[in-house]
Amino acid sequence: MPRVISEPERPSRTPLPELRHTAAHVLAYAVQDLFPDAKPTIGPAIENGFYYDFDRAAPFTPEDLERLEKRMLEIVAANYEMTGRQVTRAEAVARFEENPYKAELAREIPEGEPITLYTIGAFTDLCRGGHASATGAIGAMKLTSVAGAYWRGDEHNPMLQRIYGTAWHTQAELEAYLRFLEEAQKRDHRKLGAELDLFSIEEEAGGGLIFWHPRGAVMRAAVENFIRDGLRERGYQPVVTPHVVHEKLYEISGHLENYAENMFGPLEVEEQRFRLKPMNCPGHILIYKGHPRSYRDLPLRFSEFGTVYRYERSGVLHGLTRVRGFTQDDAHLFCTPDQLQGEFEQTLDEALRLMHAFGFEDFEYFLSTREAKLRVETDPLAEEAIRKALQSRALPYGIDEGGGAFYGPKLDIYVRDAIGRKWQLGTVQVDFVLPKRFDLHYRGSDGQDHPPVMIHRALAGSLERFFGILIEHFGGNFPAWIAPVQAVVVPISEHQQEYAREVRDRLFTRGFRIEIDESNEKLGYKIRRWKTQKIPYILVVGKQEAAGGTVNVNERALAGGAEPAEKRTIAVDTFAAELQARIDGKA
RNA sequence: GCCGUUGUAGCUCAGUGGUAGAGCACGUCCUUGGUAAGGACGAGGCCAUGGGUUCAAUCCCCAUCAACGGCUCCA
């Protein structure tokens, strides 16, 4: 006998995931009403809303979404009670005879787990549960987009149509979320990158390949210099390795065996096969191997802004954050097993220092272990080093089973940006495997040869990706130490041109990135232009300033959103000192 | 790669079966102006590419290319 299950009694508010899961049912109900030919498949709650995948020949149009949304609001207003009942497997399969997807799901529910059907109004769905008690709990919702998606995410399966939506307790929350989306759109690094003339991707050159324009390149240099100084302080030695090397190198390293699907194909020259480098490690290993090494030489720390090329399917390319050619702030440490822990912890500290310098405060850590089939006996040692380092710094972390590199487990560091989005940045990996594959060794104090342990680390990760994240994090309002132009001198009229050039030259000589606006426009126009370009300081010079050897400082809002100082007239040297202090303080 | 959407001037976008328009940007001139858009004139387009339908295609059809939203969230 089927047994009626009622959703548990709840305090006033339905948890958001349950509310959103309910909204997915409401969507499927509306689709059933308006598009009876569409077969519902699965529809879970997701981070900010929900989706539901349907199998239907004709695509859903934006107009269809509007109609569906209207129907959904009626279903919400009707406040149908969500009722569930447990059924037998045979019953469930029979119930979804017309829907092979649901039937497949029903057949695959593990023995012993209850099979349940949930109903709102005239719509019944196979579902595990976890809902609001009634559709009226959905305070506000909106359908956002429609996209293709494979059945169960597998590209060998049929393509379904996925409708995305968002749902909240209140209209105010929905509106806040929509404002957040708008803000994210405003900060989109592809849009800002074009507006601020930082970089481009050229159709003639191909997708996923970045052209850094003068403004972007000068910012990149500022970031690189900062990273370089840190590396130098911590005993890293810069090295440079070729972009194209003989394929044999990647046979030895195991890249051809384990990483070939991410590599560009071979280049043939004089019957020899070469490859674009997908990683810098084999090159650094060759440098290690070039001399006999003693334990007294270790740890050796080789660093390189190494440009690598990886094949990504055309559909996944995205601005600066998913590209085919990028430069890592890469380094490889070669150390003795005894040194591993200390080196790893130091590397972790460097990573945090770097993130803080760029204004990131919120971090998450994930330990990725290696895939079962690749695991070797040293993996537990490597994982242990990562765990101990995290524990010694009292950092909580998550675990990604099987997400590690093919040569070892890794620690990935995620940051939250100014509007709360999570991005993966640095990665630190422990490797006992490549030293063996390349037969690396060092002479120990016992007079015997031993294999070193390697740490692979890229703290900003890819400079392209890091740069994209910085653009979105700051919304283009870069702190002065990174800003492509730190100040612009704006003469009020041509009569101040000579003085303006003098100011520009004085500041330029001190090493600032400074421009001058000699265009034949009114002051208001010029101010607007440079504000739009988000330049930190506009130095207005007119008759008074020229007479007094001063500049009138018009300051942009600060990166953190703090109010800028009042406009003020100060001596050129005073301004220079202030700008220098801000640059030094990375403010 | 697959599904969907889009492709018109440097940028943002109108538009029509009879080979094109606006705003911004750009150039010249007037103007020499005190803190987010002064005015006039001008230049600029193989309407993504290749086929087809038609007397005629930027527009309709097909293919290709590219960009964008997704394809990880498992009843």
Side-chain angles (χ1 to χ4, degrees), chain A residues 17 20-21 24-25 28 40-53 56 58-62 84 87 92 95-96 99 101-110 113-118 124-130 144-164 188 190-191 194-195 197 200-207 311-319 400 403 490-497 519-533 538-545 552-556 566-567 569:
Chain A
R20 288 167 178 160
H21 187 184
H25 281 260
T41 66
I42 60 172
I46 54 174
E47 193 175 348
N48 290 303
F50 60 93
Y51 68 77
Y52 211 117
D53 286 347
R56 177 173 182 246
F60 291 107
T61 65
V87 297
R95 177 83 175 60
F96 292 103
N99 184 331
Y101 304 96
K102 289 286 182 195
E104 180 181 325
L105 293 169
R107 258 182 247 111
E108 288 179 9
I109 292 168
E113 276 188 32
I115 299 176
T116 45
L117 300 181
Y118 280 86
T124 296
D125 204 0
L126 177 72
C127 183
R128 142 168 65 197
T144 49
S145 62
V146 55
Y150 298 104
W151 167 238
R152 301 191 142 184
D154 183 337
E155 65 189 19
H156 303 295
N157 285 339
M159 176 69 69
L160 308 172
Q161 290 189 65
R162 172 170 301 180
I163 298 177
Y164 282 94
D188 189 316
R190 293 166 302 178
K191 180 170 134 69
E195 283 171 9
D197 196 17
S200 64
I201 295 162
E202 301 293 333
E203 202 172 308
E204 295 91 326
Y311 168 70
E312 298 277 3
R313 298 196 291 178
S314 56
V316 306
L317 299 175
H318 183 89
D400 177 7
V490 177
I492 288 177
S493 80
E494 281 173 15
H495 302 302
Q496 290 86 41
Q497 200 176 63
S519 65
N520 177 18
E521 299 290 349
K522 285 197 168 180
L523 181 61
Y525 183 93
K526 296 198 237 190
I527 298 276
R528 179 183 148 76
R529 165 159 54 196
W530 294 103
K531 291 272 188 188
T532 309
Q533 285 292 302
I538 298 171
L539 307 177
V540 176
V541 298
K543 214 181 284 179
Q544 294 160 31
E545 288 77 13
N552 182 267
V553 182
N554 185 330
E555 207 172 321
R556 181 204 68 196
E566 289 284 303
K567 283 186 272 294
T569 299

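Every chain is numbered from 1 and lettered A, B, ... according to where its sequence line falls, protein lines coming before strand lines.
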Taking [M] as the reference, what is the distance to [N] when you measure between their [atom1] atoms (whole Å, please)?
N: B:U49; M: B:G10; atom1: P; answer: 13 Å
N: B:C2; M: B:U64; atom1: P; answer: 9 Å
N: B:C24; M: B:A40; atom1: P; answer: 10 Å
N: B:U35; M: B:G27; atom1: C1'; answer: 27 Å
N: B:C47; M: B:U8; atom1: P; answer: 11 Å
N: B:U32; M: B:C13; atom1: P; answer: 38 Å
N: B:U54; M: B:G15; atom1: P; answer: 28 Å
N: B:U58; M: B:G51; atom1: P; answer: 13 Å

Which is true for [X] with a 4.0 Å heavy-atom rule: it touches a base, it touches only sugar-phosphate, or it touches nothing?
X: A:Ile115; answer: base
X: A:Leu117; answer: nothing
X: A:Gly542; answer: base
X: A:Arg162; answer: sugar-phosphate
X: A:Gln544; answer: base
X: A:Pro114; answer: base
X: A:Gly315; answer: base
X: A:Glu545; answer: base

Under the 3.5 Å rule, do the base of [N] and the side chain of [X] count as making a donor-acceptor pair?
X: A:Gln496; N: B:G34; value: no
X: A:Asn552; N: B:U35; value: yes
X: A:Tyr150; N: B:G70; value: no

For [N], does either OP1 or OP2 sit under 4.0 Å from a side-chain N or O belonging to [X]?
X: A:Arg529; N: B:C26; answer: yes
X: A:Tyr164; N: B:C71; answer: yes
X: A:Tyr525; N: B:G39; answer: no
X: A:His318; N: B:A67; answer: no

Does some side-chain heavy atom of [Y] sit less than 4.5 Å from a side-chain heavy atom of [X]?
X: A:Asp125; Y: A:Lys102; result: yes
X: A:Thr124; Y: A:Arg95; result: yes
X: A:Leu539; Y: A:Val553; result: yes

Could you tell me the separation between the [atom1] atom of [X] and the [atom2] atom of [N], rounded to a whole number of Å?
X: A:Lys522; N: B:C30; atom1: NZ; atom2: P; result: 16 Å
X: A:Glu113; N: B:C74; atom1: CD; atom2: C1'; result: 13 Å
X: A:Asp154; N: B:C73; atom1: CG; atom2: P; result: 11 Å
X: A:Glu521; N: B:U28; atom1: CD; atom2: C1'; result: 13 Å
X: A:Arg528; N: B:A36; atom1: CZ; atom2: P; result: 10 Å
X: A:Glu494; N: B:C30; atom1: CD; atom2: P; result: 10 Å
X: A:Asn520; N: B:A37; atom1: CG; atom2: C1'; result: 14 Å

- Item | Gap separating the CD1 atom of A:Ile163 from the CZ atom of A:Phe50, nearest 0.5 angstrom | 9.0 Å
- Query: Do the charged groups of A:Arg528 and A:Glu521 touch, with an N to O distance under 4.0 Å?
  - Reply: no
- Query: What's the verdict on salt bridge (charged side-chain N to carboxylate O under 4.0 Å, His left out) for A:Arg190 and A:Asp188, showing C-alpha distance, side-chain angles and the deciding distance?
  - Reply: CA-CA 5 Å; A:Arg190 293 166 302 178; A:Asp188 189 316; 2.6 Å; yes
- Query: Is the CD atom of A:Glu47 crowded by more than 12 outside heavy atoms at less than 6.0 Å?
  - Reply: no
